[in-house]
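So the structure is just underneath, and the comments pick up after that.
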Amino acid sequence: MKTEKIISQLLNTIKKLIDGSVIVDIVQQPTNPLLANLPQNSWLQMIEGNQTTLFTGDPKSAISKIFSNKNISSDIQNIIEPILTMSLNNKTWLKYYSTPTVINTYRAQIQPYLLLLLALFTSAFIFLCYRRYHSASIIKFLVENAIKQNHLIPYYQAIVDANKQQICGYEVLIRWETKKGKVIFPDEFIPQCEANGVITPLTFQLINTVAKDIRKLEMLDQGKPLPYYFSINLSASVIQDPKLVEITRNALQHYKVKAHNLAFELTERAPIKDIELASHVCQKLNDMGIQIKLDDVGNGYCDFLALQKLQATTIKIDKIFIDELDCNNKNSIVSSLVAFADKAEVEVVAEGVETTEQAECLLTMGIHYHQGFLYSKPQPFTNILKIYQSKNVI
Ligand code: C2E
Ligand code: CA
Ligand code: CA
């Protein structure tokens, strides 16, 4: 659409909306079509070099050149107020002016609608805030109830040493089992628990349940300590909670479980705000003999400093990198992480291993601790217990 046609349409629209006056500044634009379409009580202002010319669209005076001098804009601006300035292109401006009387009438007309709109926005805002608060508090209430009723239960997924073809540990993965037997996965409630703080009591209860389960397994073999670790996921807020040390120590003592049977993995999803406090807590856990692992490495902020501060002995490579494993690419992310782990002298666990090709590829890269559906899916404790009872080997 041509510029002058756009301007004409705009002029007419504005004219319909507000009974004001319109001025158009034109620089080097053909003006005849504009002059032909100029609405009533409008002015067309042409600026060419130093020369400013004003035309009116009032049909009584037809299209007439009313006067022409350099100061015309300021003369007009003394009696009318600019309320809209819009660039149509880099040389043409549409300026809309109106007299104060017209503006006041217009304001009085639209004021009730504006108030109504404001009231609607405020109610919608209050409703959304309330709904958000309400659903967050409902989830909090449900999780707190689930904790009380022991509906949040640990599943265990084996971590194997693929060289020795032996299980070396388990990752503890929480599940919410409802009264009706439905299983809810952690991604559906852990983020909310992290946001509302329930993650702390949830984790503390889990530590006790896991210690109890370890003891049950040991009791099948006259209480002999198990040669495996059980690795519990810790959210950032929990590792910054000094009570974690006391809760863990009490659980180990109460169930007579050795510290090497327990490990913690810290996810890199949420950054740890107080790294000094987290470092202090990790130091105490480490002194007790509990290993710290860094989870989902490659996705977050893992570096030497984080490893050092958190006393981590293992890094876990996220499934997304295992999915894209390319054995021939020496510059892949997994290769870089292996080199990094070598330098930092930490062990590497590959997560989400699903195929024998991936397992073989990982072994050629020097990664022999594997976790994934190829070996085992997360299972409830009753399954682990059955396997152990039948084979006396987990
Ligand atoms: P994560 O720590 O990275 O745990 C590994 C996830 O990958 C688990 O999902 C596991 O079931 C899944 N997985 C393992 N091997 C395979 C595989 O070969 N293929 C596929 N497709 N998936 C595999 P899950 O159990 O749904 O847990 C999701 C996340 O929830 C966990 O990711 C962890 O960040 C979080 N989470 C689980 N339990 C807890 C907990 O007790 N506390 C906290 N803070 N977070 C937890
Ligand atoms: Ca994990
Ligand atoms: Ca992970």
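All ligand and atom numbering here is 1-based and tracks the order in the structure. A quick note: this is a predicted structure, and the numbers were derived from the prediction, not measured.
At a 4.0 Å heavy-atom cut-off, ligand 1 touches P378 through the side chain alone. By the criterion of a heavy-atom distance under 4.0 Å, the side chain of D296, and not its backbone, is placed next to ligand 1.
Considering just the N/O/S atoms of E265, the one nearest the Ca ion (ligand 2) carries the name OE1. Of all N/O/S atoms in E171, OE2 sits nearest the Ca ion (ligand 2). Minimum-distance N/O/S atom of D295 relative to the Ca ion (ligand 2): OD2.
For the pair K343 and F340, the cation does not sit on the ring face, since its NZ or CZ is not both under 6.0 Å from the ring centre and inside 45° of the axis. Under the 6.0 Å distance and 45° angle rule, K212 does not count as a cation-pi partner of F381.
Looking at L374 next to ligand 1, no N or O pair under 3.5 Å apart turns up. Residue contacts with ligand 1: E171 is placed with a nitrogen or oxygen under 3.5 Å of a nitrogen or oxygen of the ligand (distance criterion only).
The Ca ion (ligand 2) has no N, O or S atom of E351 under 3.0 Å away, backbone or side chain. At least one N, O or S atom of D296 sits under 3.0 Å from the Ca ion (ligand 3). Residue contacts to the Ca ion (ligand 2): N233 brings an N, O or S atom closer than 3.0 Å.
Close contacts of ligand 1 with E351, meaning ligand atoms under 4.0 Å from a residue heavy atom, involve 3 (O). Taking every non-hydrogen atom of E354 and a distance limit under 4.0 Å, the qualifying atoms of ligand 1 come out as 17 (C), 18 (O), 19 (N), 20 (C), 21 (N). Of all atoms in ligand 1, numbered sequentially from 1 with element shown, those under 4.0 Å from a heavy atom of L206 are 41 (O). Against a heavy-atom cut-off of under 4.0 Å, G372 is close to the following atoms of ligand 1: 15 (N), 18 (O). Below 4.0 Å from some heavy atom of P186 lie the following atoms of ligand 1, by number and element: 24 (P), 25 (O), 26 (O), 27 (O), 28 (C), 30 (O), 36 (N), 37 (C). Within the listing of ligand 1, atoms 44 (N) sit less than 4.0 angstrom from a heavy atom of I199.
In this structure, the side chain of N233 engages the main chain of V172 through a donor-acceptor pair within 3.5 Å.
At least one side-chain heavy atom of V334 sits under 4.5 Å from a side-chain heavy atom of L325. The shortest side-chain heavy-atom distance between V238 and F204 falls under the 4.5 Å cut-off. Using a 4.5 Å cut-off on side-chain heavy atoms (C-beta onward), Q389 and L385 make contact.
Of the candidates H370, Q157, Q371, K316, it is Q157 that places a heavy atom closest to atom 15 (N) of ligand 1. For atom 20 (C) of ligand 1, the candidate residues are E194, K319, R175; the nearest heavy-atom contact is made by K319. For the residues N233, V210, D295, the heavy atom positioned nearest atom 42 (N) of ligand 1 is part of N233. Among V353, L173, D187, I322, the residue whose heavy atom lies nearest to atom 28 (C) of ligand 1 is D187.
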Verdict with supporting geometry, T267 and D295, side chain to side chain donor-acceptor pair (under 3.5 Å): CA-CA 5 Å; T267 180; D295 202 2; 4.9 Å; no

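Under a cut-off of 6.0 angstrom, the local environment of CD in Q149 is crowded, with over 12 non-hydrogen atoms contributed by other residues, nucleotides or ligands.
One finds a salt bridge joining R215 and E218 here, because a Lys/Arg side-chain nitrogen approaches an Asp/Glu carboxylate oxygen to under 4.0 Å.
Pairing each heavy atom of V281 with each of P242, the nearest pair is CG2-CA, 4.1 Å.
With sequence neighbours excluded, no residue forms a disulfide (SG to SG under 2.5 Å) with C168.
When hydrophobic clusters are built by joining Ile, Leu, Val, Met, Phe, Trp and Tyr residues whose side-chain heavy atoms come closer than 4.5 Å, directly or via intermediates, I159 is not grouped with I292.
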